[in-house]
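Have a look at the structure below, then the notes.
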Amino acid sequence: MRFDTGTTDVATAGTQVQISNTRDKVLWIQFRAPSANSGLTYVGRADVSATNGYTLGAAGDVDSVLTLNFGTYGGSIELSNFWVDAATDGDDIDWAVILI
């Protein structure tokens with residue numbers, strides 16, 4: 001098992017960005033909207049958008065964090081399956097992950 005972190009920048013709002021292209025298996029992952037963001041951000045698969053994905057609230061809001069614990073259910077998912085988008089150019093999504 002190993003732990004990793006990253007920040008994914010969405011340079012152009014409305015454009016899906018893959019957080020990593022590695023096929024490492026994720027047991028646990030957390031996404032967070034950084035305090036410097038000015039708009040909403042979204043987490044999902046390759047087709048993530050403002051209307052298709054999990055919306056992270058504005059930075060500091062209670063819903064600005066998403067935690068997924070696949071290990072609790074005996075499973076995992078490839079890190080390359082996670083994509084992000086943003087409503088505002090240049091907003092980021094921070095993430096932390098436990099990989100196997």
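Residue Gly57 comes nearest to Ser64 through the heavy atom pair O-CB, 3.6 Å, listed as atom of the first residue, atom of the second, then distance.
Interatomic distance, CH2 of Trp83 versus OG of Ser20, reported as 11.0 Å (0.5 Å rounding). Here the CG atom belonging to Leu68 is positioned 9.0 Å from the OH atom belonging to Tyr54, to the nearest 0.5 angstrom. Note that the CH2 atom of Trp28 and the OG1 atom of Thr67 stand 5.5 Å from one another [nearest 0.5 Å]. The OG1 atom of Thr88 sits 8.0 Å away from the CG atom of Asn37 when rounded to the nearest 0.5 Å. Within the model, atoms CG of Asp4 and CD1 of Ile19 stand 9.0 Å from one another, a figure rounded to the nearest 0.5 Å. Expressed to the nearest 0.5 Å, how far CG of Asn81 lies from NZ of Lys25 amounts to 8.5 Å.
No donor-acceptor pair under 3.5 Å is formed between the side chain of Asp91 and the backbone N or O of Ala86. Using a distance-only test at 3.5 Å, with no hydrogens or angles considered, a donor-acceptor pair links the side chain of Asp85 to the main chain of Gly14. Side chain of Gln18 to backbone of Ser80: a donor-acceptor contact under 3.5 angstrom is found.
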Full working for side-chain hydrogen bond (donor to acceptor under 3.5 Å, both in side chains) between Trp95 and Thr5: CA-CA 6 Å; Trp95 48 271; Thr5 62; over 6 Å; no
Phe82 and Phe31: CA distance, side-chain angles, deciding distance, ring pair (Phe, Tyr, Trp, His ring centres under 6.0 Å) verdict: CA-CA 10 Å; Phe82 292 100; Phe31 297 94; 5.5 Å; yes
Criterion side chain to side chain contact (heavy atoms under 4.5 Å, CB included) on Val97 and Asp24, from CA distance to verdict: CA-CA 10 Å; Val97 64; Asp24 292 329; over 6 Å; no
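Side-chain contact, Thr12 with Asp89: no donor N or O sits under 3.5 Å from an acceptor N or O.
Cluster membership check: Leu66 shares its hydrophobic cluster with Val10, using side-chain heavy-atom separations under 4.5 Å among Ile, Leu, Val, Met, Phe, Trp and Tyr. There is a path of hydrophobic side-chain contacts, each under 4.5 Å, that joins Phe3 to Met1. Hydrophobic clustering keeps Val48 apart from Val43 (ILVMFWY residues linked when any side-chain heavy atoms are closer than 4.5 Å, directly or through intermediates).
When side chains are defined from C-beta on, Leu56 does not count as touching Arg32, because their heavy atoms never get closer than 4.5 Å. The closest side-chain heavy-atom distance from Val84 to Gln16 is not below 4.5 Å. By the 4.5 Å heavy-atom criterion applied to side chains, Val26 and Glu78 are not counted as neighbours. Counting only heavy atoms from C-beta outward, the side chains of Thr7 and Ile93 never approach each other to under 4.5 Å. Between Ile29 and Leu79, some side-chain heavy-atom pair lies under the 4.5 Å cut-off.
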